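Here is the structure we will look at.
What you see is a predicted model, and the numbers here were worked out from it, not measured in a lab. We name chains A, B, ... by the order of the sequence lines, and we start the count at 1 in each one.
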Amino acid sequence: MAGTDLSEPFNEAGQVSVEDGVVLVDGPDGVAISLTPAAARTFGERLIAAADEAQG
Amino acid sequence: MQARPIRTGLVLKGRKIARLTPAERARLEGAISEVRTVPARSILVHKGEHLEHSTLLLRGFLSRAVVDRLGQSQCVSLHIAGDLVDLHAYPMKQLDHDVVALSDAEVAILPHRAIKAIAERDAELTRKLWFATLLDAAMHREWIFRLGRLDALGRVCHFFAETGARLQAVGIGTVERYALPMTQTDIGQACGLTSVHVSRVLKLLRDGEICVFKDGAVEVLNHESLVRRGQFDPAYLYLDDPPRP
């Protein structure tokens, strides 16, 4: 039913929003998580570091 | 002598492929040993408990719940009136999950010896009971799809669309409006979301004039959008008259 090929990495970023002091991440695909601001900040830093490493 | 009320009237209702004949319904009625009331938020069946009976839900809502090592519950299925909630306990003799009452409920008890008698004497009724269990399996597959492939909004849309379709099939609601005695936390446990995430999704649904969940009731304002956003295809429910957007 979904049109995404899970054998390939996503080339679209998920959506991020804030609700009651919580950071919500939606997508891509089945991603749906809630993070405290501190966890979101650390998560973001790790994503950026990993993206830098992946790009060489 | 006063006739006993029919307690199996909703079993497999709306599914021609497994519709019970009057004789089969009478046989299933005869298999019921007692009717119990279950208070809201109580556990009807505990994981691992030895079972010599299965349960038919007559009124109310039940869920199957799996609890993680921290005690957090995940709702892995929702049951409505007419559902044979734990027929799989007949061959398995225990459940690998709890059965929890979401609302005050009434259940009929089917002793396994009575189910065994049906299995030995009535192949066609046995096939229909097997169908009921396979219907559970089909819904479990769809719930895996929901959690694996849909975002938060899609998951809640799919859950509301599925529940409405099931309730409409047994005549205790419509896809546009039905009672759902669940909290935002309950919906989160069914959709793999925190309650704050559910709150956000409900706001988006309300602002988008797709659906309103309030005071234990779901009102669908735009069924087509709900179905499309939730990628809901009712084929897996095997309904005679599936809801069309």
Side-chain angles (χ1 to χ4, degrees), chain A, chain B residues 70 72 74-75 138-162 165 184-185 187-208 210 213 226-237 242 245:
Chain A
M1 282 184 266
T4 308
D5 178 2
L6 287 182
S7 66
E8 295 293 329
F10 295 105
N11 59 14
E12 289 184 14
Q15 300 298 313
V16 178
S17 57
V18 176
E19 183 79 16
D20 289 340
V22 175
V23 177
L24 307 178
V25 182
D26 281 296
D29 218 43
V31 173
I33 55 172
S34 309
L35 299 164
T36 63
R41 192 176 301 280
T42 304
F43 191 28
E45 289 166 357
R46 288 175 180 170
L47 278 172
I48 290 168
D52 287 343
E53 182 182 343
Q55 281 186 321
Chain B
L70 298 176
Q72 301 295 317
Q74 173 82 16
C75 172
M139 284 189 270
H140 283 308
R141 286 190 287 275
E142 194 72 11
W143 280 45
I144 292 168
F145 162 77
R146 175 196 298 159
L147 293 180
R149 302 304 300 268
L150 301 183
D151 63 11
L153 186 65
R155 292 180 197 180
V156 175
C157 284
H158 187 282
F159 178 69
F160 283 164
E162 177 191 274
Q184 289 188 16
T185 300
I187 293 170
Q189 289 175 352
C191 295
L193 302 169
T194 61
S195 54
V196 68
H197 216 144
V198 172
S199 176
R200 166 82 178 177
V201 167
L202 294 178
K203 192 184 296 181
L204 289 172
L205 288 172
R206 191 171 56 244
D207 292 348
I210 295 174
F213 174 70
L226 187 82
V227 165
R228 187 175 60 251
R229 193 61 183 79
Q231 298 191 42
F232 175 70
D233 176 350
Y236 69 98
L237 294 175

Contacting moiety of A/V31, where chain B heavy atoms sit under 4.5 Å: backbone
With a 6.0 Å cut-off (strictly less than), is the heavy-atom count around OH of B/Y236, excluding the residue itself, greater than 12? yes
Under 4.5 Å from a heavy atom of chain A, the part of B/R155 involved: side chain
Looking only at non-hydrogen atoms, find the nearest pair between B/V196 and A/S34 and report the distance. CG1-OG, 4.2 Å
Which of A/D26, A/V22, A/V25 passes side-chain contact (heavy atoms from CB on, under 4.5 Å) with B/H197? It is A/D26
Here the gap from A/Q15 atom CD to B/L153 atom CG, rounded to the nearest 0.5 Å, amounts to 11.5 Å
So, taking the atom named CD1 in A/I33 and the one named OG1 in B/T194, what distance separates them when rounded to the nearest 0.5 Å? 10.0 Å
For the residue pair A/D29 and B/G148, what are the closest heavy atoms and their distance? OD2-O, 4.0 Å
For chain A, which of B/C191, B/A152, B/G154, B/S199 has the most heavy-atom pairs under 4.5 Å? B/A152
Chain B contact via A/V18 - which portion, at a heavy-atom distance below 4.5 Å: backbone
